[in-house]
**Student:** 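I am attaching a structure below and will ask some questions about it afterwards.
Lettering follows sequence order; numbering is per chain, from 1.
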Number of protein chains: 2
Amino acid sequence: MAITPKKNQYALRAIFELAKYLGQGPKKISEIAEAQAIPMRFLEVILGQLKGSGWVDSKRGFYGGYFLKCSPKEITVGDILRFLQGPSKQAECVACISKGDCPFDGQCAFAPMWNKVDAAMFKIYDETTIDDLIKMEKKNIDREKI
Amino acid sequence: MAITPKKNQYALRAIFELAKYLGQGPKKISEIAEAQAIPMRFLEVILGQLKGSGWVDSKRGFYGGYFLKCSPKEITVGDILRFLQGPSKQAECVACISKGDCPFDGQCAFAPMWNKVDAAMFKIYDETTIDDLIKMEKKNIDREKI
DNA sequence: ATATTTCTCGACTTTTTTAGTCGGGAAGTT
DNA sequence: AACTTCCCGACTAAAAAAGTCGAGAAATAT
């Protein structure tokens with residue numbers, strides 16, 4: 001039941017981790033990798049890609065690392081997933097069996113359902129900010145203390 | 001943006017096709033395959049699997065083929081997807097990066113979101129019957145005639 | 001300067017999943 | 001007996017996802 005591929009989850013977790021340490025200077029890939037249980041060399045690739053979004057930036061050298069360039073309140077899971085998806089995939093028909101030309105073109109009985117599902121998923125993604133997730137974690141930790 | 005794998009879509013379409021011809025005797029794999037643009041030999045496999053659900057049965061020989069054993073009003077897309085998923089996959093944590101042991105066990109900040117998404121998807125799947133899809137197709141065809 | 005640290009880049013490999021195929025047999029029909 | 005259709009299991013192919021690697025470039029420290 002993996003809703004979204006691991007790579008996407010790693011990306012979300014990486015940004016989540018950066019958000020937690022926002023304002024405290026750059027955070028090394030190795031630290032993020034350990035904190036979020038992500039293979040470091042793979043995370044390298046993912047963070048590189050995320051730089052392209054503008055939400056994340058990096059610095060090299062001794063005190064180098066990655067840091068967030070935006071407020072955790074202003075970035076949603078939906079934003080990130082859409083960025084990772086890329087524009088080409090988003091243009092595709094959500095309903096369609098074959099990529100490109102649909103054998104049922106336009107008259108597909110299933111299309112409305114797939115679209116509803118897609119919308120329902122992204123409604124949740126879009127209303128979940130990174131800040132919400134941080135709050136969620138705090139709540140979990142507090143509950144653990146009792 | 002494939003929400004569900006092709007195999008699942010083929011399975012849904014196969015049952016959908018059988019539902020359309022319910023009560024008119026068995027329908028051949030080859031016919032279903034052509035009507036729904038599914039590779040025939042692959043459909044063979046899928047229908048074989050679907051027999052295990054009890055919603056579908058078959059007959060061999062000259063006038064053989066597949067037929068539905070239940071009412072299209074009483075079977076939902078959710079039912080079918082869950083059957084195809086299998087019990088093992090359903091037991092897995094929807095949120096979890098690694099299958100089996102979660103590195104964040106129980107205290108994962110993302111879990112509530114993934115669960116919400118899963119629930120939202122299945123809400124739609126569960127409230128869509130095969131009969132609804134048939135009605136949807138009729139509506140599409142009627143609209144085309146104008 | 002030079003050594004060290006950390007990101008950077010592209011190509012590459014491996015693993016997993018999905019999709020699809022095939023041959024030959026079994027049950028029905030004519 | 002000939003023909004049609006499902007049936008079964010193993011098998012292959014293709015695609016996507018996950019992960020790795022080596023060498024280089026910037027920043028900092030000593």
**Student:** Considering heavy-atom distances to DNA chain D, does B:G48 or A:N8 have its closest nucleotide positioned more toward the 5' end?
**Tutor:** B:G48
**Student:** To the nearest Å, give me how far apart CD (A:E31) and P (C:dT5) are.
**Tutor:**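 To the nearest whole Å, that distance equals 14 Å.
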**Student:** Taking only side-chain N and O atoms of B:Y63, does any of them lie within less than 4.0 angstrom of OP1 or OP2 on C:dA27?
**Tutor:** no
**Student:** Please list, chain by chain and in numerical order, all residues satisfying ring-ring contact (aromatic ring centres under 6.0 Å, His included) with A:F104, sequence neighbours excluded.
**Tutor:** none
**Student:** Which part of the nucleic acid does A:I29 contact within heavy-atom distance under 4.0 Å: base, sugar-phosphate only, or nothing?
**Tutor:**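 Answer is sugar-phosphate: A:I29 comes under 4.0 Å of backbone atoms only.
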**Student:** Hydrophobic clusters join Ile, Leu, Val, Met, Phe, Trp and Tyr when side-chain heavy atoms are under 4.5 Å apart, directly or via other members; which others share one with A:M136?
**Tutor:**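 Taking Ile, Leu, Val, Met, Phe, Trp and Tyr as members, A:M136 stands alone, with no cluster partners.
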**Student:** Within residues 51-58 of chain B, find the residues that approach DNA chain D with a heavy atom at under 4.0 Å, and present them sorted by residue number.
**Tutor:**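 DNA chain D contact set from residues 51-58 of chain B: B:K51, B:S58.
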**Student:** Got a second to check how far B:F42's CZ is from B:I29's CD1, nearest 0.5 Å?
**Tutor:** 13.0 Å
**Student:** B:E74: what forms a side chain to side chain contact (heavy atoms under 4.5 Å, CB included) with it, not counting sequence neighbours?
**Tutor:**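 So B:E74 forms a side chain to side chain contact (heavy atoms under 4.5 Å, CB included) with B:S71.
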**Student:** Once you measure the plane-to-plane angle for B:Y125 and B:F122, does it fall in the parallel (<30°), tilted (30-60°) or perpendicular (>60°) bin?
**Tutor:** perpendicular
**Student:** In whole angstroms, how far is the P atom of D:dA16 from the CD atom of A:Q85?
**Tutor:** 13 Å
**Student:** For nucleotides 25-27 of chain D, list the nitrogen or oxygen atoms of the protein found under 3.5 Å from its nitrogen or oxygen atoms, one pair per line.
**Tutor:**
residue, atom, partner, partner atom, Å
D:dA25, N3, A:R60, NH1, 3.0

**Student:** Side chains of B:Q107 and A:I141: closer than 4.5 Å at any heavy-atom pair?
**Tutor:** no
**Student:** What N/O pairs connect the protein and nucleotides 10-13 of chain C at under 3.5 Å? Give each pair on its own line.
**Tutor:**
none

**Student:** Checking A:Q49 now: which residues fulfil side chain to side chain contact (heavy atoms under 4.5 Å, CB included) with it, not counting sequence neighbours?
**Tutor:** A:K7, A:L84
**Student:** CD of A:Q9 versus C1' of D:dA17: gap in Å, rounded?
**Tutor:** 13 Å
**Student:** Could you tell me if the side chain of B:F110 sits less than 4.5 Å from the side chain of A:L133, heavy atoms only?
**Tutor:** yes
**Student:** Does C:dT6 have OP1 or OP2 sitting under 4.0 Å from an N or O in the side chain of A:K28?
**Tutor:**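 For C:dT6, OP1 or OP2 has a side-chain N or O of A:K28 closer than 4.0 Å.
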**Student:** Just how far, in rounded Å, is C1' of D:dC6 from CG of B:L50?
**Tutor:**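 In whole Å, D:dC6 C1' lies 15 Å from B:L50 CG.
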**Student:** So A:F42, base contact, sugar-phosphate only, or nothing? Heavy-atom distance under 4.0 Å.
**Tutor:**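 Since a base atom lies under 4.0 Å of A:F42, the category is base.
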**Student:** In whole Å, what is the span from the NZ atom of B:K7 to the C1' atom of C:dT16?
**Tutor:** 15 Å
**Student:** Do B:R82 and B:D126 have side chains that get closer than 4.5 Å, going by heavy atoms?
**Tutor:**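 With C-beta onward as the side chain, the pair touches.
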**Student:** Over its full length, what angle do the end axes of the helix from C:dA1-D:dT30 to C:dT30-D:dA1 make, each axis taken from five pairs and the result rounded to 10 degrees?
**Tutor:**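 One end's axis against the other's: 0°.
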**Student:** Can you name the side chain to side chain contact (heavy atoms under 4.5 Å, CB included) partners of B:K59, sequence neighbours left out?
**Tutor:** B:P26, B:F67
**Student:** Within less than 4.0 Å of OP1 or OP2 of D:dT5, is there a side-chain N or O belonging to B:Y66?
**Tutor:**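 For D:dT5, neither OP1 nor OP2 has a side-chain N or O of B:Y66 closer than 4.0 Å.
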**Student:** To the nearest Å, how far apart are B:L43 CG and C:dC22 P?
**Tutor:**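 About 16 Å, once rounded to whole Å.
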**Student:** For the pair made of CD1 in B:I46 and P in D:dC8, what is the distance, rounded to whole Å?
**Tutor:** 16 Å
**Student:** In whole angstrom, what separates A:I3's CD1 from D:dA17's P?
**Tutor:** 16 Å
**Student:** Mind checking what makes side chain to side chain contact (heavy atoms under 4.5 Å, CB included) contact with B:E34, not counting sequence neighbours?
**Tutor:** none
**Student:** May I have the list of side-chain donor-acceptor pairs in residues 16-25 of chain B shorter than 3.5 Å, sequence neighbours left out?
**Tutor:**
residue, atom, partner, partner atom, Å
B:E17, OE1, B:Q36, NE2, 2.6
B:K20, NZ, B:E137, OE1, 3.0

**Student:** Does any part of the side chain of A:I3, heavy atoms only, come nearer than 4.5 Å to the side chain of B:V117, both counted from C-beta?
**Tutor:** yes
**Student:** Sequence neighbours left out, what passes ring-ring contact (aromatic ring centres under 6.0 Å, His included) with A:Y63? Give chain and number order.
**Tutor:** none
